[in-house]
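Computed from a predicted model, the values in this text were never measured in an experiment. Quick note: numbers below take in every heavy atom, side chains included, and nothing from hydrogens, waters or symmetry partners.
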Amino acid sequence: QVPLVESGGGLVQAGGSLTLSCAASGRPFSSQGMAWFRQVPGKEREFVAGISWSGGNTYYADSVKGRFAISRDNAKSTVYLQMNSLKPEDTAVYYCNVAINYGLGRWEPAGTWGQGTQVTVSS
């Protein structure tokens, strides 16, 4: 599989905003659910937000609900994560992936991981 390429991370102060992008050029995209995950050293990768193949349904972890927004542009094979009101605990490496929604808030990755993009939120 062609890996996904994440970008848009950086250093931001608490309360600030960032928009992450995930490009999937050269691979099927529009028929698959997509999700963002994040990981901090020493912890398991965790689900952040998911979006259905059409973009009509979105899902969020409780920790980011109301602050983050996932969207997608199938014509550009790109998924976005708009992150507002960032907190220091949002600091992590963020990854996107093809994902399957098993219901009850459970999203599982189903593709190849990319390099991720580092988000650092200072207090």
#### Entry: For the student: nearest non-hydrogen atoms of T91 and Q118, plus distance
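Of all heavy-atom pairs spanning T91 and Q118, the closest is CG2-NE2, 4.0 Å.
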
### Message
If you compare all heavy atoms of K76 against all heavy atoms of T78, which two are closest, and at what distance to 0.1 Å?
### Response
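Heavy-atom minimum between the residues: O-OG1, 2.9 Å.
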
From [X] atom [atom1] to [Y] atom [atom2], the distance as rounded to the nearest 0.5 Å:
X	Y	atom1	atom2	answer
L81	W36	CG	CH2	6.0 Å
N101	M34	CG	CE	14.0 Å
N97	T112	CG	OG1	7.0 Å
T120	L18	OG1	CG	9.5 Å
Y95	L4	OH	CG	13.0 Å
Q82	S21	CD	OG	10.0 Å

### Message
Please give the remaining members of the hydrophobic cluster of I100, linking ILVMFWY side chains under 4.5 Å, ordered by chain and number.
### Response
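The other cluster members (ILVMFWY side chains, heavy atoms under 4.5 Å, direct or chained) are Y102.
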
### Message
Could you check whether atom NZ of K65 has more than 12 heavy atoms from other residues, nucleotides or ligands sitting under 6.0 Å from it?
### Response
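Yes, enclosed.
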
### Query
Do N84 and S17 have side-chain atoms, one donor and one acceptor, less than 3.5 Å apart?
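Distance-only check passes for N84 and S17.
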
### Message
Could you tell me if Q13 and S122 have a donor-acceptor pair between their side chains, going purely by distance under 3.5 Å?
### Response
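No, Q13 and S122 have no side-chain donor paired with an acceptor closer than 3.5 Å.
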
Strictly distance-based, threshold 3.5 Å: is any side-chain N or O of [X] a donor or acceptor partner for the main-chain N or O of [Y]?
X	Y	result
R45	R38	no
T117	Y94	no
Y60	I70	yes

### disulfide (SG to SG under 2.5 Å) contacts touching residues 58-123 (sequence neighbours left out)
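Sorted pair list: C22-C96.
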
Starting from [Y], can I reach [X] by hopping between I/L/V/M/F/W/Y residues whose side chains sit under 4.5 Å apart?
X	Y	answer
V79	Y59	no
V48	V12	yes
I51	V64	yes

### Task
Any chance you could lay out the salt bridge (charged side-chain N to carboxylate O under 4.0 Å, His left out) test for K87 and D90, step after step, and finish with the verdict?
CA-CA 5 Å; K87 304 176 180 180; D90 294 319; over 6 Å; no

### Task
Test the R72-W53 pair against the cation-pi criterion, namely NZ or CZ under 6.0 angstrom from the six-membered ring centroid and within 45° of the ring axis.
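No cation-pi geometry.
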
### Message
Using 30° and 60° as the class boundaries, would you call the ring planes of F47 and F37 parallel, tilted or perpendicular?
### Response
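Correct class here is perpendicular.
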
### Query
Can you list the steps and then say if L20 with E6 is a side-chain contact (heavy atoms from CB on, under 4.5 Å)?
CA-CA 7 Å; L20 306 183; E6 302 92 343; over 6 Å; no

